[in-house]
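What follows is a short report on a single structure.
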Amino acid sequence: MQIRLATVMVENQEHALHFYTNILGFVKGKDIPMGQYRLLTVSSPEGAEGVELELEPMGFPPAQTYQKALIAAGIPATAFLTNDIHSEYQRLKALGVKFRGEPKSMGPITAVVFEDT
């Protein structure tokens, strides 16, 4: 059994696609029209082959409530890994990414939260 598709909820699929591809450096995957929305995925050129992140539109009211609760609590919806968090933090900050603080050591990991649109 494998994980091949994970999902993040987004307010605007086109804006999220721009952020994930032009800012984070992911690659556009599937783009299939589905009514007023799209099945839209991205993948990391550095990640495991075949694993995609779906940019899921928040058209479902409970999804909107859930996302607002996560944001209010400061809980990230997902996690991304990098070999050099300090360099990546500086690169993304220079591109205008909004962070909630600076990278912090948290035991065996160093983490920082950013807003993805």
Side-chain angles (χ1 to χ4, degrees):
M1 191 174 298
Q2 301 175 21
I3 296 174
R4 289 290 180 150
L5 184 66
T7 300
V8 293
M9 295 175 288
V10 300
E11 289 184 21
N12 180 302
Q13 286 185 299
E14 197 60 40
H15 190 200
L17 179 62
H18 172 78
F19 179 82
Y20 277 87
T21 56
N22 294 0
I23 305 296
L24 296 186
F26 286 24
V27 177
K28 182 177 171 182
K30 293 176 184 65
D31 189 351
I32 302 168
M34 300 189 81
Q36 71 183 62
Y37 300 113
R38 299 146 56 186
L39 170 60
L40 185 59
T41 67
V42 295
S43 62
S44 170
E46 299 172 18
E49 187 176 333
V51 176
E52 296 178 287
L53 181 66
E54 180 181 5
L55 306 177
E56 176 77 27
M58 283 195 311
F60 186 52
Q64 296 167 10
T65 301
Y66 174 71
Q67 186 182 55
K68 287 177 185 174
L70 286 178
I71 291 169
I75 299 171
T78 192
F80 301 107
L81 302 178
T82 180
N83 290 325
D84 187 346
I85 192 168
H86 298 288
S87 292
E88 196 68 16
Y89 170 78
Q90 292 300 327
R91 180 185 80 81
L92 294 175
K93 194 171 180 182
L95 290 171
V97 174
K98 184 178 177 184
F99 284 88
R100 294 185 180 184
E102 296 184 7
K104 284 191 257 189
S105 177
M106 304 172 91
I109 66 164
T110 300
V112 66
V113 175
F114 66 84
E115 297 187 13
D116 74 339
T117 73

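Residues E115 and F19 come closest through the heavy atom pair O-CZ, 3.8 Å. Heavy-atom minimum distance, A111 versus M106: CB-SD, 3.6 Å. Contact record, V10 with A16: CG1-CB, 3.6 Å, taken as the closest heavy-atom pair. The two residues L39 and M34 come nearest to each other via the heavy atoms CB-SD, 3.6 Å.
If you take NZ on K98 and NZ on K93, they are separated by 13.0 Å, rounding to the nearest 0.5 Å. The CG atom of N22 lies 8.0 Å from the CG atom of L17; values are rounded to the nearest 0.5 Å. Atom CG in L40 sits 11.0 Å away from atom OH in Y20 (nearest 0.5 Å). With values rounded to the nearest 0.5 angstrom, E88 atom CD is found 7.5 Å from L24 atom CG.
More than 12 heavy atoms of other residues, nucleotides or ligands shown are found within 6.0 angstrom of OH on Y37. Surrounding CD1 of I32 are more than 12 heavy atoms belonging to other residues, nucleotides or ligands, all under 6.0 Å away.
Hydrophobic clustering (ILVMFWY, side-chain heavy atoms < 4.5 Å, transitive): L95 and V113 are in distinct clusters. No single ILVMFWY cluster, assembled from side-chain heavy atoms under 4.5 Å apart, contains both M9 and V42.
In this structure, F60 shares a hydrophobic cluster with no other residue, the cluster being traced through Ile, Leu, Val, Met, Phe, Trp and Tyr side chains under 4.5 angstrom apart.
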Review item, side-chain donor-acceptor pairs of residues 68-82, under 3.5 Å, at least two apart:
from : atom 1 : to  : atom 2 : distance (Å)
T82  : OG1    : D84 : N      : 3.4

Side-chain donor-acceptor pairs of residues 47-54 under 3.5 Å, sequence neighbours excluded:
from : atom 1 : to  : atom 2 : distance (Å)
E52  : OE1    : K30 : NZ     : 2.5
E52  : OE2    : K30 : NZ     : 3.4
E52  : OE2    : T41 : OG1    : 2.7
E54  : OE1    : T7  : OG1    : 3.4

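Of the possible donor and acceptor atoms, none in the side chain of E11 sits under 3.5 Å from a partner among the backbone N and O of M58.
Within the 4.5 Å cutoff, the side chain of I23 has no heavy atoms near those of the D116 side chain.
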